[in-house]
There are 2 protein chains.
Amino acid sequence: MEPSGLPTLQDVSRVAGVSTATVSRCINDPSKVARKTREQIQKAIDELGYTPNFGGRVLASRRTNSVGVVIPTMDNAMFAGALQAFQEVLTDAGKTLLVASSGYDPAQEFRQIRALVANGADGLLLIGTDRPQDTRDFLARRRVPHVLTWCFEPDSTACIVGFDNRKAGRLIAEAALALGHRNVAIIGGISRNNDRAAGRMAGMRDALAAIGPPARITRVVETRYGLDQGGDAFDVVMQANSAPTAVLCGNDVLATGAILRARDRGIRVPQDVSITGIDDHNLARVVAPALTTVRVPQREMGRQAARVLLGLIAGDRTLRGCEVEVSLVRRQSLAGPPPGG
Amino acid sequence: MEPSGLPTLQDVSRVAGVSTATVSRCINDPSKVARKTREQIQKAIDELGYTPNFGGRVLASRRTNSVGVVIPTMDNAMFAGALQAFQEVLTDAGKTLLVASSGYDPAQEFRQIRALVANGADGLLLIGTDRPQDTRDFLARRRVPHVLTWCFEPDSTACIVGFDNRKAGRLIAEAALALGHRNVAIIGGISRNNDRAAGRMAGMRDALAAIGPPARITRVVETRYGLDQGGDAFDVVMQANSAPTAVLCGNDVLATGAILRARDRGIRVPQDVSITGIDDHNLARVVAPALTTVRVPQREMGRQAARVLLGLIAGDRTLRGCEVEVSLVRRQSLAGPPPGG
DNA sequence: TCCGCTAATGCAAGCGCTTACATTTGCATT
DNA sequence: AATGCAAATGTAAGCGCTTGCATTAGCGGA
């Protein structure tokens with residue numbers, strides 16, 4: 001193997017007239033080196049334009065200083081806020097972020113997790129709790145520090161930093177029920193392999209069940225996230241024999257799609273039908289009527305997750321997750337049911 | 001340094017009864033190893049639960065198989081589509097993605113670039129062309145393969161895969177002028193250190209200049225990207241002595257913010273004033289009236305950028321950039337000027 | 001001046017892997 | 001059976017860095 005041509009620690013040590021050990025210490029913990037020596041070394045480093053070789057460093061220190069995250073998708077802004085905050089904290093801690101996406105496919109997620117670990121991720125941020133046994137085994141066997149987010153389960157053994165999707169679903173459903181809605185439809189994300197989507201729908205069902213008859217769910221549709229998908233699902237739920245007076249959507253993208261479609265069909269929101277979302281995405285403010293939705297404190301979640309993960313990596317085994325709270329955001333898309341409804 | 005406890009290549013070679021070289025070959029290029037041997041080795045690997053050590057691999061092979069990207073922000077969905085596509089191609093090629101964000105700050109970008117390179121990025125994807133000399137020097141001196149995107153300059157020596165922001169600006173401005181607008185205002189992103197924002201505005205000015213008087217720009221406002229910022233800027237441009245009949249915005253987020261504000265103010269779009277965006281963000285479809293804008297083929301751009309970067313990393317020095325084409329998307333927010341306008 | 005102690009530095013052994021080169025093996029030809 | 005050649009495998013030298021331990025320098029106190 002021919003050398004790279006770039007200056008090495010060795011070169012620096014030669015120029016500075018000290019040992020490689022001293023140079024290494026000077027770079028990693030300057031306090032261990034006498035000021036005068038430090039200055040010499042710095043001069044040599046500048047002169048040579050030296051930067052430490054990543055591989056050598058990783059090999060010798062057994063640390064990469066990078067953490068990985070696998071998100072379902074980057075396509076819509078869904079995870080962007082949290083990810084940005086996560087990244088900021090990490091960067092401040094001198095870590096870099098490895099990013100991969102799974103397309104909501106557990107097998108793909110497992111592949112990405114392995115790839116990230118193979119690429120030296122010291123820790124991992126994962127979305128949701130729901131994953132196959134083999135993935136969990138891998139994480140456990142390799143002892144990969146990881147935190148789960150975008151979800152919360154108080155009694156889990158895993159480290160979870162997020163919010164309770166079920167509670168979010170319940171919150172929005174209760175808001176609709178409180179206004180007198182008794183026939184509601186649900187448009188959710190595909191709940192298979194997706195605990196967040198499943199939790200939100202379960203929460204909505206909880207709220208309905210708590211009221212009991214005559215409150216009822218006229219129709220449930222699961223679909224991929226997308227404006228058009230939300231619109232199509234809206235068409236479906238409105239064609240049910242007894243049309244709902246409120247359509248509860250699993251997220252703002254679906255809800256926004258539903259509102260656009262209602263507009264196309266000449267159905268007035270909220271006069272003819274109420275529509276709600278979850279997430280408090282930008283879209284929720286922009287669509288007319290603006291969406292009543294549940295706000296998720298993305299940035300705080302990302303920041304907290306980063307802190308916990310950094311702790312985990314540093315070897316703090318006492319860390320547990322924490323819950324961030326969601327809150328109802330009232331806008332125009334939700335009102336009481338129409339008089340005849 | 002105590003050993004990690006995880007099985008090593010050496011362990012595998014011992015169990016399989018072959019040399020470490022053979023095991024290494026078996027992992028990196030199975031065709032070089034006899035089938036029978038391969039099977040033995042595979043058995044040993046499975047038995048031990050072996051996975052290659054990242055550091056050793058990087059050190060010995062001088063490749064990390066990861067590429068870095070520095071985007072201005074992850075907060076809004078701006079770059080999400082392109083990034084997702086970029087990542088998909090990379091993953092298919094067995095690379096992982098390192099992500100950092102700069103917050104539109106050149107110094108921060110330089111820091112992130114260095115961090116990514118220090119963390120072993122084999123190549124870099126950067127947004128835009130406009131960066132300080134020291135950043136460019138660093139890239140050149142370290143010979144970091146990199147491609148620039150979200151912009152295009154045919155006569156640049158750098159590798160650029162993107163679209164011509166100036167052309168996009170011209171396109172949308174021409175559309176407005178063709179409808180008879182003669183008094184237009186511009187709301188753009190902050191153009192300092194941001195060639196994309198500057199290019200878009202320059203394109204708009206080009207179009208205006210090409211028509212000549214009485215076509216004129218009543219007001220130009222630069223502001224950060226955000227719905228509220230767009231709204232505030234809208235207020236400003238509408239207060240000018242002679243109010244514009246069309247407000248050209250540098251992107252869809254600003255334009256959407258402007259439309260929302262117009263609605264608040266009781267100003268009808270497009271009857272009283274036309275508003276346009278650039279990007280064809282999801283928001284553009286959702287806001288009412290829907291935005292006339294310029295579509296940017298994000299996914300294709302991301303995909304192409306990944307291809308070029310992979311080529312560059314593989315050592316292909318002949319690669320040049322390529323341009324992807326933008327196109328006008330006509331929706332309702334742009335119409336002719338009001339009769340008196 | 002000498003001693004003892006701490007702070008600073010040096011020595012050298014790896015970390016786990018890849019790969020150029022050398023060697024052996026297997027097999028078809030003669 | 002001897003030969004030649006390609007395919008398969010082994011040998012061993014690093015890749016550049018960190019770090020435990022040994023050594024030396026520096027300095028205050030007796």
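Just so it is clear: chains get the letters A, B, ... in the order the sequence lines come, proteins before strands, and each one is counted from 1.
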message: Can you tell me which nucleotide in C:dT18, C:dA8, D:dT18 comes closest to the side chain of A:Arg57?
response: D:dT18

field: Minimum-distance nucleotide (side-chain atoms of A:Ala21 versus C:dT9, D:dT19, C:dT18)
entry: D:dT19

- prompt: If pairing requires Watson-Crick or G-U wobble contacts with both distances under 3.5 Å, which nucleotide is the partner of D:dG29?
  reply: C:dC2

message: Heavy atoms only, 4.0 Å cut-off, all strands: where does A:Val18 land among base, sugar-phosphate and nothing?
response: sugar-phosphate

- prompt: In terms of side-chain geometry, is the basic nitrogen of B:Lys43 or B:Asp46 positioned less than 4.0 Å from the acidic oxygen of its partner?
  reply: no

- prompt: C:dA7 P sits how many Å from A:Lys32 NZ, rounded?
  reply: 13 Å

- prompt: Of all the choices, D:dT18, D:dA12, C:dC17, which nucleotide is nearest to the side chain of B:Thr20 once you look at every atom?
  reply: D:dA12

- prompt: Within this structure, what is the CD1-to-P distance between B:Ile45 and C:dC17, rounded to whole angstrom?
  reply: 10 Å

- request: Please tell me if the side chains of B:Thr96 and A:Val99 come closer than 4.5 Å, counting only heavy atoms from C-beta onward.
  value: no

- prompt: Please give, in whole Å, the distance from D:dG16 C1' to A:Arg14 CZ?
  reply: 13 Å

statement: The nucleotide from C:dT18, C:dG16, D:dC17 with an atom nearest the side chain of A:Pro52 is D:dC17

message: Measuring from the side chain of B:Ser19 (C-beta onward, heavy atoms only), which nucleotide among C:dG14, D:dG10, D:dC15 has the closest atom?
response: D:dG10

- prompt: Can you check the B:Arg35 CZ to C:dT25 P distance for me, whole Å?
  reply: 22 Å

- request: Please report, rounded to the nearest Å, how far the P atom of D:dG20 is from the CG atom of A:Asp29.
  value: 13 Å

query: Less than 4.0 Å between a side-chain N and a carboxylate O, is that true for A:Glu88 and A:Arg303?
result: no

- request: Round to the nearest Å and state the distance from A:Phe54 atom CZ to D:dC15 atom C1'.
  value: 14 Å

- prompt: How do A:Leu9 and A:Arg25 order along DNA chain D: which one's closest nucleotide is nearer the 5' end?
  reply: A:Leu9

message: In this structure, how many angstroms lie between the C1' atom of D:dC17 and the CG atom of B:Leu59, rounded?
response: 8 Å

Residue B:Thr37, side-chain atoms from C-beta onward, closest of D:dT9, C:dC17, C:dG14: D:dT9

query: Below 4.0 angstrom from OP1 or OP2 of C:dC15, is there any side-chain N or O of B:Asn53?
result: no

- request: Give a yes/no answer on whether the side chain of B:Ser24 brings an N or O atom under 4.0 Å of OP1 or OP2 in C:dC17.
  value: no

query: Quick one: A:Tyr50 OH to D:dG16 C1', roughly how many Å, whole number?
result: 7 Å

Only pairs under 3.5 Å count here: list side-chain donor-acceptor contacts from residues 102-112 of chain B, not counting sequence neighbours, and write none if there are none.
unit_1   : atom_1 : unit_2   : atom_2 : d
B:Ser102 : OG     : B:Tyr104 : N      : 3.3
B:Asp105 : OD1    : B:Ala107 : N      : 3.0
B:Gln108 : OE1    : B:Arg111 : NH1    : 2.5
B:Glu109 : OE1    : B:Arg131 : NE     : 3.1
B:Glu109 : OE2    : B:Arg131 : NE     : 3.4
B:Glu109 : OE2    : B:Arg131 : NH2    : 2.7
B:Gln112 : NE2    : B:Ser101 : O      : 3.2

- prompt: Counting only heavy atoms not in A:Glu39, do more than 12 sit closer than 6.0 Å to its CD atom?
  reply: yes

